[in-house]
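For ligands, and for the atoms within them, numbers begin at 1 and follow the listed sequence.
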Amino acid sequence: MSGMLYLVPTPIGNLGDISVRCRETLENADFIAAEDTRVTLKLLNHLGIKKSLVSYYEHNKAAQGGKIVERILAGETCALVSDAGSPAISDPGEDLVKQCAAAGIPVCAIPGPCAAITALSISGQATGRFCFEGFLSTAKKSRREHLDSLKKERRTMIFYEAPHKLLATLTDLAEAFGGDRPISLCRELTKLHEEVVRTTLDQAVAHYTENPPKGEFVLIVAGAPAQQEESPSETDAAARVSQLIAEGVSRKDAVKQAAKELGMPKNAVYEIALKDSESINN
Ligand code: SAM
């Protein structure tokens, strides 16, 4: 009989945020796979739990994943934790979940602390539709491609960022989205110095140039405003009429059809078509 993989979220600051179910799962698991065993040991000591730990992090996950899967297939139950927050969300775990799912191992995610959702909830930005963008790459090309792909994004965007990279990221966001785009900077969530700064990208750059950023940040950036639908121009009308005429439609019918297609008054299209043909003939 195979065991099970549990994804156990841990507090992002306030230790009181560990849930009863998370605590019980950590107590009952056969072993815990942790991103940093020293960080998890501190939490386990706080909870009074003694448990065997294995490390599972970005640079050993290829080798460790297989071993963890084998143990679960042999019947053990594994609880996966990261340093803080929900495992597999910008944290090691995504690959282990894939490996377990492929091996037919049941995976259970326990709901709990997640910096992205905590920040979104208090951001004051639209929460109806949002997208999680994680950390921007530090490699210039993929960073630019990522930001370019978001220029027309209408949904609220969530980014993670480290304090020492914050100013460069805000500058790049302002360049990509325009300096007047609203942003909420959510810092040190659930901790003593929790703070939400609701401002614009330009003002955020100015603020953090003056006051070097400290602590952990989630950036909640408003989506692009809806584009005003462009009303059909004279050029569109003239082009459509001459296209229809070229296809053999009479001028009268071409005007009628173009006006209908573009939602313009017939008289206006007639005038435009007339001006156009005069300018061609002269
Ligand atoms: N898996 C985690 C989660 O779901 O919350 C996120 C892990 S990711 C490696 C770490 C990033 O989460 C930080 O760089 C920061 O952007 C954000 N973060 C974590 N704790 C935070 C906190 N207390 N306040 C603000 N941001 C936090």
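Contacts between Asp91 and ligand 1 below 4.0 angstrom, taking non-hydrogen atoms only, involve the side chain exclusively. Contacts between Glu194 and ligand 1, counted as non-hydrogen atom pairs separated by less than 4.0 Å, are absent for every part of the residue.
In this model, no donor atom of one side chain and acceptor atom of the other lie less than 3.5 Å apart for Ser123 and Ser184. No hydrogens or angles considered: a donor-acceptor pair under 3.5 Å links the side chains of Asp91 and Ser82.
Within a 6.0 Å sphere centred on NZ of Lys260, heavy atoms belonging to other residues, nucleotides or ligands number 12 at most. Within a 6.0 Å radius of CD in Glu195, other residues, nucleotides and ligands contribute more than 12 heavy atoms.
The ligand atoms of ligand 1 that sit less than 4.0 angstrom from a heavy atom of Glu161 are 14 (O), 16 (O). Atoms of ligand 1 lying under 4.0 Å from any heavy atom of Lys191, numbered from 1 in the order shown and given with element: 23 (N). Less than 4.0 angstrom separates some heavy atom of Ile89 from each of these atoms of ligand 1: 1 (N), 2 (C), 4 (O), 6 (C), 7 (C). Taking every heavy atom of Cys114 and a limit of under 4.0 angstrom, the matching atoms of ligand 1 come to 4 (O), 5 (O). When each atom of ligand 1 is checked for a heavy atom of Ser90 under 4.0 Å away, the hits are 7 (C), 8 (S), 9 (C).
Exactly one of Leu147, Leu150, Ile158 qualifies for a side-chain contact (heavy atoms from CB on, under 4.5 Å) with Glu133. That residue is Leu150.
Between the choices Ala84, Cys186, Ser86, the shortest heavy-atom distance to atom 4 (O) of ligand 1 belongs to Ser86. Considering Phe132, Phe217, Phe159, Phe135 only, the shortest heavy-atom separation from atom 15 (C) of ligand 1 involves Phe217.
What sits closest to atom 18 (N) of ligand 1 on the protein, heavy atoms only, is Ala115 CB, 3.5 Å. Residue, atom and distance of the protein heavy atom nearest to atom 26 (N) of ligand 1 are Val218 CG2, 3.3 Å. For atom 24 (N) of ligand 1, the closest non-hydrogen atom of the protein is Leu189 N, 2.9 Å. With hydrogens left out, the protein atom closest to atom 20 (N) of ligand 1 is Glu216 OE2, 3.4 Å, a heavy atom.
Between Arg21 and Pro111, some side-chain heavy-atom pair lies under the 4.5 Å cut-off. When side chains are defined from C-beta on, Leu166 counts as touching Leu185, because their heavy atoms get closer than 4.5 Å.
Every side chain to side chain contact (heavy atoms under 4.5 Å, CB included) that Arg144 has, sequence neighbours left out, goes to Asp148.
Judged by the shortest distance from any of its heavy atoms, Thr190 lies outside the 4.0 Å radius around the atoms of ligand 1.
Annotation: Phe132 is in aromatic contact with Tyr160 [ring centroid separation under 6.0 Å].
Of the N or O atoms in Ala162, none lie within a sub-3.5 Å distance of an N or O in ligand 1.
Taking 4.0 Å as the cut-off between side-chain N and carboxylate O, Glu188 and Lys214 do not count as a salt-bridged pair.
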